[in-house]
Amino acid sequence: MELNYTNIIIGFWIATVIMAVWRLWWPAISVLKQVKPDSITVKWWFLSGIIFSIMSCFIAPLLLPAVLHEKYRFRFVASYIEAVK
């Protein structure tokens with residue numbers, strides 16, 4: 001497979017989605033397990049992870065600042081927890 005711009009963009013896109021799940025969704029679920037263990041998001045954590053992954057595929061470039069910067073990551077996780085709770 002030759003290296004061209006499309007392959008590079010797809011690689012960065014997939015890496016952003018994986019980092020978003022790892023750095024945004026997983027800490028939010030961990031906090032939700034402690035704060036509200038009877039939440040439907042905690043009960044169906046696998047399905048919520050799949051939904052988050054699919055949705056982050058569409059908005060990956062917009063999630064990049066939240067994935068890379070600690071202040072934005074904290075704000076995103078806090079907002080996600082409040083929205084889901």
Hydrophobic cluster membership, with links at side-chain heavy-atom distances under 4.5 Å among I/L/V/M/F/W/Y: are [X] and [Y] in one?
X: Val42; Y: Val35; value: yes
X: Trp26; Y: Val67; value: yes
X: Phe76; Y: Trp22; value: no
X: Val21; Y: Trp13; value: no
X: Tyr72; Y: Val17; value: no

Assess whether atom CD1 of Ile40 is packed by more than 12 heavy atoms of other residues, nucleotides or ligands within 6.0 Å. no

For Leu68, is there any backbone N or O sitting under 3.5 Å from a side-chain donor or acceptor partner on Arg73? no

Check whether Ser39 reaches the backbone of Lys36 with its side chain - one donor and one acceptor, N or O, closer than 3.5 Å. no

Looking only at heavy atoms, what is the nearest atom pair of [X] and [Y], with distance?
X: Ser56; Y: Ser53; result: OG-O, 2.9 Å
X: Ala20; Y: Leu63; result: CB-CD1, 4.0 Å
X: Val77; Y: Leu24; result: CG2-O, 3.7 Å
X: Trp25; Y: Trp45; result: CZ2-O, 3.1 Å

Salt-bridge test for Arg75 and Glu70: reply yes if a basic N is under 4.0 Å from a carboxylate O, no otherwise. no

